[in-house]
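Take a look at the structure below.
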Amino acid sequence: MNTSNHFFKTAQVCQNGHLRNSDTSTHAAKNEIFCSICGAEVISACPHCGSQLRGAYYMNKPIYSGTMCNVLEGRKLSSHISGYKDVKISNTVDVPAYCHNCGKPYPWTEATLQTAEHIIDMLDDLTEDQKKQLVDFIPDIIVETPQSRYAALVYAKFLDGLQGLAVDCFKDWLKKNVFPTLLVLLNMQKQ
Ligand SMILES: [Zn+2]
Ligand SMILES: [Zn+2]
């Protein structure tokens with residue numbers, strides 16, 4: 001038996017990051033082969049290491065059975081574990097950005113990183129060195145890390161005063177992918 005009594009059910013997520021099923025075994029009827037939102041292939045394991053995508057969080061809880069004996073003599077209830085049952089702790093599943101087992105980005109994260117790289121490459125007013133700095137910091141602005149706030153300041157500084165289609169396109173990307181607390185630093189609070 002598993003040493004830990006907490007465990008995750010397997011989730012299904014499409015290549016573009018849409019959560020399709022938070023518990024593939026209990027709700028097998030909801031399983032999809034292709035995403036019903038965007039048509040992309042659905043996966044339930046990390047393409048790099050094969051470990052499951054974490055879904056609903058459960059606990060294997062012991063069931064106690066007890067008998068009260070010799071109540072008059074003040075004896076206590078004696079109980080023993082008669083079995084176990086799975087109890088759901090949390091069904092809220094946030095689609096993770098990186099694999100918990102191998103640390104590689106999931107396909108939807110890779111797509112996000114690549115899109116940003118392509119757009120940054122089109123920011124003609126930046127030097128190659130500035131572009132490289134922005135690319136290097138992408139992982140720090142889509143997920144909170146110790147470098148995130150510094151990364152956001154670099155982004156704000158480099159983008160300040162820039163204009164054009166690629167810049168607008170990049171700002172849209174930022175609004176969608178940067179984690180919310182950074183939008184303030186980027187001067188891009190959602191209205
Ligand atoms: Zn999808
Ligand atoms: Zn992995």
Margin query: Under a 3.5 Å distance rule, please check whether Thr10 uses its side chain to pair with a backbone N or O of Thr24 as donor and acceptor.
Written below: no

Item checked: Value rounded to 0.5 Å, distance of CG in Asp23 from CG in Asn21 -> 6.5 Å

Margin query: Between His48 and Cys99, is there a side-chain heavy-atom distance shorter than 4.5 Å?
Written below: no

Note to self: In terms of relative ring orientation, are Tyr150 and Phe137 parallel, tilted or perpendicular, with 30° and 60° separating the classes?
What the structure shows: perpendicular

Margin query: If you compare all heavy atoms of Ala152 against all heavy atoms of Ile141, which two are closest, and at what distance to 0.1 Å?
Written below: N-CG2, 4.3 Å

Next item on the list: May I ask you to test the Leu123-Leu159 pair for a side-chain heavy-atom distance under 4.5 Å?
Entry: yes

Check: Just wondering, do Tyr64 and Ile81 contact through their side chains at under 4.5 Å, heavy atoms?
Finding: yes

Checklist line | Note, Leu134 side chain near Tyr155 side chain (heavy atom, < 4.5 Å) | finding: yes

Item checked: Other residues, nucleotides, ligands: >12 heavy atoms within 6.0 Å of Ile33 CD1 -> no

Margin query: With a 4.5 Å cut-off on side-chain heavy atoms, are Ile37 and Arg20 touching?
Written below: yes

Margin query: Looking at every heavy atom in both Ala97 and Thr109, which two are closest together, and how far apart are they?
Written below: O-OG1, 2.5 Å

Margin query: Please report the interatomic distance CG(Leu126) to CD(Gln133), rounded to the nearest 0.5 Å.
Written below: 10.0 Å

Margin query: Surrounding CG of Leu165 (heavy atoms of other residues, nucleotides or ligands, distance under 6.0 Å), is the total greater than 12?
Written below: no

Check: Does the side chain of Asp160 reach to within under 4.5 Å of the side chain of Asn187, using non-hydrogen atoms?
Finding: no

Check: So, Arg149 versus Thr181: side-chain donor-acceptor pair below 3.5 Å or not?
Finding: no

Check: Is a side-chain N or O of Lys131 found less than 3.5 angstrom from the main chain of Ile120, in a donor-acceptor match?
Finding: no

Note to self: Taking NZ in Lys132 as the centre, count heavy atoms belonging to other residues, nucleotides or ligands within less than 6.0 Å. Is the count above 12?
What the structure shows: no

Margin query: With side-chain hydrogen bond (donor to acceptor under 3.5 Å, both in side chains) as the criterion, how do Asp140 and Thr145 come out once you've worked through the C-alpha distance, each side chain's angles and the decisive distance to 0.1 Å?
Written below: CA-CA 6 Å; Asp140 298 295; Thr145 73; 2.6 Å; yes

Margin query: Rounded at 0.5 Å granularity, tell me how far NZ in Lys9 sits from NE2 in His27.
Written below: 8.5 Å

Next item on the list: Using a strict cut-off of less than 4.0 Å between a Lys/Arg side-chain nitrogen and an Asp/Glu carboxylate oxygen, indicate whether Asp172 and Lys176 qualify as a salt bridge.
Entry: no

Next item on the list: Could you check if a side-chain atom of Gln15 sits within less than 4.5 angstrom of a side-chain atom of Ile43, using non-hydrogen atoms only?
Entry: yes

Note to self: Let me confirm one number: the CD1-CG distance from Ile138 to Asn177, rounded to the nearest 0.5 Å.
What the structure shows: 10.0 Å

Notebook entry, point to check: Shortest non-hydrogen contact from Asn16 to Trp108?
Noted result: C-CB, 3.5 Å

Check: Can you find a heavy atom in the side chain of Lys104 that is under 4.5 Å from one in the side chain of Tyr98?
Finding: no

